[in-house]
Q: 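Let me begin by handing over the structure; questions about it come next.
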Amino acid sequence: DDERVLHIGGIFPINGTSGWQGGQACQPAAMLALADVNKNPDLLRGYRLNLVWNDSLCDPGLGAAVMYDLLYNAPKKLMLLGGCSIVSTTIGEAARMWNLIVVSFGSSSPALSDRKRFPTFFRTHPSATVHNPTRVELMKKFGWSRVAILQQTEEVFISTSEDLEQKCKDEGIEILTRQNFLSDPSEAVKNLKRQDARIVVGLFYVNQARRVLCEIYKNELYGKNHIWFFIGWYENGWHERNLESHNCTKEQMRKAAAGHLTTEAMMWNQDDVMTASGITAKQFKRRLDMDLINRGYDILGDEYPEGYQEAPLAYDAIWSMAVALNVTMEKLSEKNQSIHSFTYSNKEIADEIYNAMNATSFMGVSGRVAFGQDGSRIAWTKIEQLIDNTYEVIGYYDGQTKNLSWRGKEQWVGGKPPQDRTIIRSEL
Ligand SMILES: CC1(C)CO[C@@H](CC(=O)O)CN1
């Protein structure tokens with residue numbers, strides 16, 4: 001194969017019907033990054049980076065087949081770019097057998113932070129547990145030390161709630177109860193009412209969130225005595241859509257949703273700063289939008305492909321791989337070695353790439369790109385509250401520096417933060 005070309009493999013979730021099909025926006029974003037890498041004179045000097053990719057449909061079996069196809073067909077791939085969690089779990093566990101470093105742009109499952117099972121796995125997408133230090137920080141800020149958890153029985157939510165429970169315990173916050181449900185939350189919500197839960201963290205996908213909200217209305221677990229934490233990456237207006245999936249009206253859903261808090265990982269660099277690839281996040285957004293319009297998406301008509309939110313993570317994943325290969329090639333040339341001696345049985349070069357990935361630290365279009373020891377993305381979180389039926393940003397939190405930047409825009413139905421329990425007159 002052409003000596004001047006370096007190849008990486010890509011496995012994108014694009015055309016499936018289950019899980020996350022974020023490859024629809026993330027594959028185009030990755031191609032933009034590839035073009036920028038190959039335009040940059042200081043990166044991989046004299047070489048062109050090439051991405052050989054296919055669609056996993058976010059199906060683990062198909063993802064494995066795509067990986068084997070990439071590895072058993074020339075040209076040799078130096079690294080793998082992965083997408084959704086359930087495929088990354090398969091790829092991430094097998095990759096070490098071929099001495100391949102895997103970088104995922106779309107995996108949120110906490111299980112992937114296990115260096116024993118996934119020794120060569122990195123992700124520019126933060127783990128879902130990134131929300132938990134923020135949730136605990138808010139509980140401390142508003143004096144809530146008696147909280148409940150309501151979760152859908154899905155691996156990602158089970159492991160996130162276990163992590164949350166531990167972090168609450170570490171801070172002396174009592175987990176009053178942990179209720180879970182498969183698809184019908186009515187019993188679980190009734191149990192929350194029975195136990196007089198006032199502060200509840202909800203962990204479920206958006207289809208279940210609508211059913212939960214209707215149960216919240218029916219059980220009157222909303223208003224001045226209750227606060228709910230929902231996940232922040234549901235689409236705006238989620239609570240007024242798909243009304244046929246429950247028996248509440250739009251008005252009732254609005255009442256139940258008023259004042260709830262959300263947390264989400266920051267995925268778009270908010271500042272207009274220059275990034276390592278020589279563009280700002282705004283310029284990246286403009287280029288991506290143009291590219292998606294050329295692919296037939298009606299962006300101007302607000303029709304976005306799945307994964308648009310995570311597109312910066314895919315761009316920065318490609319950039320981090322190019323930088324890691326660049327650092328590795330410099331290291332190898334000091335030892336009079338070449339990247340071309342990489343083979344799937346050459347652990348030494350894989351270790352160099354691993355060390356380079358571990359040392360990643362650059363300003364990307366998704367914000368600062370750096371990884372924890374477990375390979376997970378270090379990220380800020382954004383805190384919003386639903387005020388007058390629209391989401392208002394009320395703060396940001398950086399779990400690394402424990403820095404809460406608060407905007408003081410929060411509003412409470414009862415004029416002050418709800419209590420986490422009933423105050424008995426005699427205790428006053
Ligand atoms: C924030 C979200 C929607 C969480 O799931 C990720 C997909 C996955 O973890 O499989 C994509 N990003």
Side-chain angles (χ1 to χ4, degrees), residues 1-12 23 26-55 66-83 91 95-105 120 122 124 275-279 283-284 287-288 291 294 313-362 364-365 369:
D1 64 343
D2 179 348
E3 282 281 295
R4 319 305 292 163
V5 184
L6 302 175
H7 303 274
I8 53 178
I11 304 172
F12 294 92
C26 289
Q27 190 275 336
M31 299 315 281
L32 290 180
L34 201 68
D36 292 354
V37 163
N38 289 326
K39 266 193 320 238
N40 187 302
D42 305 329
L43 267 185
L44 309 174
R45 197 188 303 274
Y47 287 86
R48 186 171 60 80
L49 186 64
N50 180 43
L51 174 65
V52 187
W53 62 276
N54 211 326
D55 184 355
V66 166
M67 181 177 87
Y68 294 140
D69 189 54
L70 286 167
L71 302 185
Y72 287 112
N73 288 298
K76 179 175 60 187
K77 283 55 174 202
L78 294 168
M79 300 175 81
L80 287 181
L81 176 70
I91 307 299
R96 70 159 174 276
M97 304 312 290
W98 286 268
N99 286 300
L100 284 168
I101 307 303
V102 179
V103 181
S104 171
F105 56 83
T120 64
F122 292 85
T124 52
T275 67
S277 52
I279 57 171
Q283 288 166 328
F284 165 68
R287 284 171 60 198
L288 180 65
D291 186 83
N294 293 338
L313 306 179
Y315 183 99
D316 286 344
I318 289 285
W319 197 267
S320 72
M321 294 164 93
V323 170
L325 288 174
N326 200 54
V327 166
T328 300
M329 288 165 77
E330 282 166 3
K331 275 276 176 58
L332 291 176
S333 64
E334 282 162 22
K335 298 188 280 189
N336 275 333
Q337 283 185 21
S338 153
I339 193 85
H340 290 295
S341 51
F342 173 81
T343 64
Y344 296 138
S345 51
N346 180 327
K347 189 173 181 318
E348 192 191 344
I349 291 189
D351 286 348
E352 289 294 354
I353 300 174
Y354 178 89
N355 294 336
M357 280 303 294
N358 240 352
T360 300
S361 174
F362 64 85
V365 290
V369 181

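This structure is a prediction, so every number in the text was calculated from the model and none was measured.
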Q: Which distance, rounded to the nearest 0.5 Å, do you find between the CD of Glu330 and the CG of Leu325?
A: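 Glu330 CD to Leu325 CG: 11.5 Å, rounded to 0.5 Å.
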Q: Which heavy atom in Gly83 sits nearest to a heavy atom in Phe105, and how many Å separate them?
A: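 Looking at all heavy atoms of both residues, the shortest contact is CA-CZ, 3.7 Å.
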Q: What heavy-atom pair brings Ala95 and Val102 nearest, and what distance separates the two atoms?
A: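 That closest heavy-atom pairing would be CB-CG2, 3.4 Å.
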Q: Considering only heavy atoms from C-beta outward, does the side chain of Phe122 approach that of Ile101 to under 4.5 Å?
A: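 Sidechains of Ile101 and Phe122: in contact.
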Q: Name the one of Thr275, Thr360, Val369 that satisfies side-chain contact (heavy atoms from CB on, under 4.5 Å) with Asp316?
A: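 Of the listed options, the one satisfying the test is Val369.
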Q: According to the interplanar angle, ranging from 0 to 90°, do the rings of Trp98 and Tyr72 count as parallel (below 30°), tilted (30 to 60°) or perpendicular (above 60°)?
A: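 Trp98 and Tyr72: perpendicular rings.
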Q: If you look at every heavy atom in Gly23 and Pro28, which pair is closest and at what distance?
A: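 For Gly23 versus Pro28, the nearest heavy atoms are O-CD, 3.6 Å.
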Q: Identify the heavy atoms of Ile339 and Thr328 that sit nearest to each other, and give their distance.
A: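 Looks like CD1-CG2, 4.1 Å.
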Q: What's the separation between atom CG in Leu80 and atom CG in Leu100, rounded to the nearest 0.5 Å?
A: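 Here the interatomic distance stands at 4.5 Å.
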Q: Is there a donor-acceptor contact under 3.5 Å from the side chain of Lys77 to the main chain of Leu70?
A: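 Here the side-chain-to-backbone pair exists.
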Q: Quick check against the 3.5 Å criterion: does Asn99 have a side-chain atom that pairs as donor or acceptor with the backbone of Tyr344?
A: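 Side chain of Asn99 to backbone of Tyr344, a donor-acceptor pair under 3.5 Å: yes, one is there.
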Q: Would you say that Arg287 contacts Ile279 through its side chain, given a criterion of any heavy-atom pair below 4.5 Å between the two side chains?
A: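 Touching, per the 4.5 Å side-chain cut-off.
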Q: Of the non-hydrogen atoms in Ile318 and Ile8, which two are nearest, and what is the gap between them?
A: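 In terms of heavy atoms, the two residues are closest at CD1-CD1, 4.0 Å.
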Q: Sub-3.5 Å donor-acceptor pair from the side chain of Asn358 to the main-chain atoms of Tyr354, do we have one?
A: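 A pair under 3.5 Å: no.
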Q: Taking the side chain as C-beta and beyond, is there a heavy-atom pair between Ser320 and Val103 under 4.5 Å?
A: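 Yes - at least one pair of side-chain heavy atoms lies under 4.5 Å apart.
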Q: Nearest 0.5 Å, please: how far is CE in Met329 from CD in Glu352?
A: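 Answer rounded to 0.5 Å: 13.0 Å.
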Q: Rounded to the nearest 0.5 Å, what's the gap from CG on Leu49 to CG on Asp36? Could you check?
A: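 Answer for the CG-CG pair, Leu49 versus Asp36, is 12.0 Å.
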Q: Applying ring pair (Phe, Tyr, Trp, His ring centres under 6.0 Å), name anything that partners Tyr315, two or more places apart in sequence or on another chain.
A: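 Result, ring pair (Phe, Tyr, Trp, His ring centres under 6.0 Å) vs Tyr315: Phe284.
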Q: Within the 4.5 Å heavy-atom criterion, are Trp319 and Val365 side-chain neighbours or not?
A: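 Side-chain contact under 4.5 Å: no.
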Q: Can you tell me how far apart OG (Ser341) and CG (Asn346) are? Round to the nearest 0.5 Å.
A: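 Separation between the atoms: 6.0 Å.
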Q: Can we call the ring centroids of His7 and Phe342 under 6.0 Å apart?
A: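 No, the ring centres sit 6.0 Å or more apart.
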Q: Could you report the tightest heavy-atom contact between Ala324 and Ala356, atom names first, then the distance?
A: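 Looks like O-CB, 3.6 Å.
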Q: Enter the distance from Ile353:CD1 to Lys331:NZ here, rounded to the nearest 0.5 Å.
A: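 Output value for this atom pair is 12.0 Å.
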